Amino acid sequence: MQYIPAKEYFEGEFTLPGDKSITHRAVMFNAVANGTATVTNALMGEDCLSTCRCMQALGAKVEIDGTTIRVTGTPTFQSGVTLDCGNSGTTIRLLTGLVAGKGVQVTLTGDASLSTRPMKRVAEPLSALGANVQTTDGHAPVVVYPQRLNGDKVELAISSAQVKSAVLLAGLSADGKTMVTEPVKSRDHTERMLSAMGANIQVNGNTVTVEKSNLCAIDVRVPADISSAAYFMALGALKGKTLCKNVGVNPTRTGILRAFDKLGVRYTLCNKQVSGGEETADILVEKSNLRAVTITGEEVPAMVDELPLVALLCAFADGESRITGAKELRVKESDRIRTTAELIRNLGGDCEELPDGFIIRGQKSLRGGNIDSYLDHRIAMTGAVGLIASREGGNVIRPECCAISFPDFFEKLGVK
Ligand code: S3P
């Protein structure tokens with residue numbers, strides 16, 4: 001249990017950990033590339049460590065030194081191995097695609113939470129390329145059997161960077177062209193990094209085309225994760241002033257800034273740069289009077305991991321907010337529609353669940369209370385922000401899960 005005091009004022013300059021999505025990809029893709037690469041400012045969260053261990057088990061050399069990872073690729077994978085993906089949806093989904101056309105048999109497993117998350121969404125599009133991916137009733141453990149792949153057109157029913165990336169990675173070892181289309185463009189780190197590594201890949205709107213390619217190792221300097229910065233940005237908006245340094249602001253990830261525009265949050269981006277094909281900026285956020293918002297499905301992919309926090313901000317906004325088209329939240333590390341609604345109610349707020357989102361009636365201030373993380377890192381961190389912003393503070397129950405994406409979160413928050 002972690003006690004979180006209420007604070008009148010919250011101010012500071014923050015350097016946040018490296019981006020989770022980019023760290024996974026930098027390790028995974030370099031592990032199949034020609035040569036050796038150095039990944040700096042890598043996230044040392046549990047999820048990325050799962051990816052490192054899986055790539056080692058497949059035969060790549062992965063050496064960790066602080067927040068630097070040195071990766072030497074392997075042209076072929078070990079067959080017959082079992083890969084423990086821990087809590088990481090990105091690891092299991094991307095790896096299923098990556099190994100599908102590599103001529104090996106691999107079993108992918110995970111913890112109790114990961115084993116409840118849908119895997120058919122990956123198995124089905126991969127089978128369109130000829131892959132042999134067997135799930136356990138639609139879930140992990142997943143067994144991938146060796147199979148020659150043929151490129152095809154794949155129309156995804158949901159916008160998911162994990163599913164899109166799995167198909168693209170399988171496409172790298174398929175004969176012919178693989179074309180993936182998604183309803184709304186999800187985060188595009190895979191496309192950017194594969195292109196920088198010399199893959200034959202083209203992007204046209206929401207469609208990505210890839211052909212059989214060999215990858216060249218590239219060094220990656222990982223920007224700070226906007227999903228981790230978001231907690232400190234929200235505290236700036238609620239309680240004072242925060243500056244988050246060198247945050248990745250790839251437009252497929254900055255839905256939170258568009259939500260800020262609607263909420264009336266005062267923020268500025270400065271020191272804009274491009275590093276390793278990804279835009280970065282310092283983000284300054286100042287205390288703001290929040291107003292209610294409406295958020296719909298097309299806006300969701302670019303802020304999918306920030307929606308619990310956006311819902312929390314709505315609980316402090318003037319008026320009734322409505323977030324819809326966010327059914328994906330039900331199949332994250334927890335059912336985030338249920339756990340977020342409970343979190344807001346336990347703080348003393350008013351939040352109603354919809355099948356695909358929330359109705360939140362905002363209040364000037366919230367009481368505080370005890371928040372169970374349900375072992376979901378984003379719920380634990382959203383809860384902590386809500387408690388700091390509340391009148392009385394309270395406890396985050398089962399706070400250790402923050403280590404999934406932000407190991408020193410409570411230290412950075414100044415409560416530990
Ligand atoms: C991720 C994609 C998102 C996100 C997850 C990381 C990725 O999942 O929720 O935390 O790195 O590709 P979906 O794209 O499946 O929504």
Side-chain angles (χ1 to χ4, degrees), residues 4-17 224-245 247-249 253-269 281-293 295 299 302-318 321 323 329 336 339-340 343-344 346-349 351 358 360 362-366 368 371 373 376-391 393-394 396 399 402 405-406 409-410 412-415:
I4 312 280
K7 291 191 181 177
E8 255 322 299
Y9 195 70
F10 189 92
E11 185 183 36
E13 194 176 302
F14 300 93
T15 299
L16 291 318
D225 198 324
I226 191 164
S227 299
S228 299
Y231 304 106
F232 292 85
M233 289 154 55
L235 280 167
L238 290 169
K239 283 283 149 189
K241 193 174 178 178
T242 53
L243 178 67
C244 296
K245 306 276 285 177
V247 181
V249 288
R253 294 287 300 282
T254 48
I256 179 79
L257 297 180
R258 294 185 285 278
F260 276 7
D261 290 332
K262 290 185 169 188
L263 281 156
V265 172
R266 296 189 295 141
Y267 69 91
T268 343
L269 263 55
D282 296 349
I283 305 177
L284 176 73
V285 183
E286 293 174 86
K287 188 164 166 41
S288 312
N289 290 323
L290 306 183
R291 52 178 182 255
V293 295
I295 289 172
E299 300 167 273
M303 59 172 108
V304 64
D305 293 334
E306 291 68 69
L307 277 172
L309 189 66
V310 172
L312 176 73
L313 288 173
C314 293
F316 288 96
D318 187 17
S321 295
I323 301 176
L329 294 192
R336 286 184 183 159
T339 51
T340 301
L343 181 162
I344 291 172
N346 284 348
L347 288 171
C351 181
F358 317 90
I360 306 138
Q363 296 168 28
K364 272 247 152 344
S365 86
L366 299 182
I371 310 292
S373 72
D376 181 337
H377 54 133
R378 306 242 174 256
I379 298 299
M381 293 188 277
T382 303
V385 170
L387 290 170
I388 287 196
S390 71
R391 292 192 301 276
V396 174
C402 292
S405 64
F406 199 155
F409 173 73
F410 292 110
K412 282 249 151 72
L413 207 56
V415 299

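Model, not experiment: these values are computed from the prediction. When reading the values below, keep in mind they use all heavy atoms of this one structure, side chains included, and skip hydrogens, waters and symmetry mates.
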Just jot down the side-chain contact (heavy atoms from CB on, under 4.5 Å) partners of [X], sequence neighbours excluded, or say none.
{"X": "Arg266", "answer": "Glu286, Ser288"}
{"X": "Ala6", "answer": "Ser390"}
{"X": "Ala315", "answer": "Ile344, Ile360, Leu366"}

For Leu257 and Met233, run side-chain contact (heavy atoms from CB on, under 4.5 Å): C-alpha distance rounded to whole Å, both residues' side-chain angles, the deciding distance at 0.1 Å, then the answer.
-> CA-CA 10 Å; Leu257 297 180; Met233 289 154 55; 3.8 Å; yes
Taking the side chain as every heavy atom from C-beta outward, state whether [X] and [Y] have any atom pair closer than 4.5 Å.
{"X": "Tyr9", "Y": "Lys287", "value": "no"}
{"X": "Thr340", "Y": "Ile379", "value": "yes"}
{"X": "Lys245", "Y": "Glu13", "value": "yes"}
{"X": "Asp225", "Y": "Val247", "value": "no"}
{"X": "Val385", "Y": "Leu309", "value": "yes"}

Taking all non-hydrogen atoms of both residues into account, name the closest pair between [X] and [Y] and its distance.
{"X": "Ala389", "Y": "Leu238", "answer": "CB-CD1, 3.7 Å"}
{"X": "Ile4", "Y": "Ala384", "answer": "CG2-O, 3.7 Å"}
{"X": "Val415", "Y": "Pro5", "answer": "CG1-CD, 3.8 Å"}
{"X": "Gly383", "Y": "Leu343", "answer": "N-CD1, 3.7 Å"}
{"X": "Ile226", "Y": "Ile283", "answer": "CD1-CD1, 4.4 Å"}
{"X": "Asp261", "Y": "Tyr267", "answer": "OD1-OH, 2.8 Å"}

Let me see the working for Leu329 and Val304 under side-chain contact (heavy atoms from CB on, under 4.5 Å), right down to the final yes or no.
-> CA-CA 8 Å; Leu329 294 192; Val304 64; 4.2 Å; yes
Return the set of residues passing salt bridge (Lys or Arg N to Asp or Glu O under 4.0 Å) with Asp305 (not counting sequence neighbours), or none when no residue passes.
-> Arg187, Arg336
With sequence neighbours excluded, tell me which residues meet salt bridge (Lys or Arg N to Asp or Glu O under 4.0 Å) with Arg378.
->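 Counting only residues at least two positions away or on another chain, Arg378 forms no salt bridge (Lys or Arg N to Asp or Glu O under 4.0 Å).
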Please round to the nearest 0.5 Å and tell me the distance separating atom [atom1] of [X] and atom [atom2] of [Y].
{"X": "Glu11", "Y": "Leu243", "atom1": "CD", "atom2": "CG", "result": "10.5 Å"}
{"X": "Cys351", "Y": "Asn346", "atom1": "SG", "atom2": "CG", "result": "11.0 Å"}
{"X": "Ile323", "Y": "Ile295", "atom1": "CD1", "atom2": "CD1", "result": "5.0 Å"}
{"X": "Ser228", "Y": "His377", "atom1": "OG", "atom2": "NE2", "result": "9.0 Å"}
{"X": "Phe260", "Y": "Thr254", "atom1": "CZ", "atom2": "OG1", "result": "11.5 Å"}
{"X": "Cys244", "Y": "Asp282", "atom1": "SG", "atom2": "CG", "result": "9.0 Å"}

Show your reasoning for whether side-chain contact (heavy atoms from CB on, under 4.5 Å) applies to Ser373 and Met381.
-> CA-CA 8 Å; Ser373 72; Met381 293 188 277; over 6 Å; no
Specify whether Phe232 and Phe10 have parallel, tilted or perpendicular ring planes, treating 30° as the upper limit for parallel and 60° as the lower limit for perpendicular.
-> tilted
Might you work through the side-chain contact (heavy atoms from CB on, under 4.5 Å) test for Val265 and Leu290, ending with a clear yes or no?
-> CA-CA 6 Å; Val265 172; Leu290 306 183; 3.5 Å; yes
Which salt bridge (charged side-chain N to carboxylate O under 4.0 Å, His left out) pairs, counting each pair once, include a residue from residues 230-243, with sequence neighbours left out?
-> none
Pair Glu306-Ser227, side-chain hydrogen bond (donor to acceptor under 3.5 Å, both in side chains): steps then yes or no = CA-CA 6 Å; Glu306 291 68 69; Ser227 299; 2.7 Å; yes
Is it true that a side-chain atom of Ser321 and a backbone atom of Val293 form a donor plus acceptor pair closer than 3.5 Å?
->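 Such a contact is found between Ser321 side chain and Val293 backbone.
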Return yes if some donor-acceptor pair links the side-chain N/O of Arg291 with the main-chain N/O of Lys262 below 3.5 Å, else return no.
-> yes
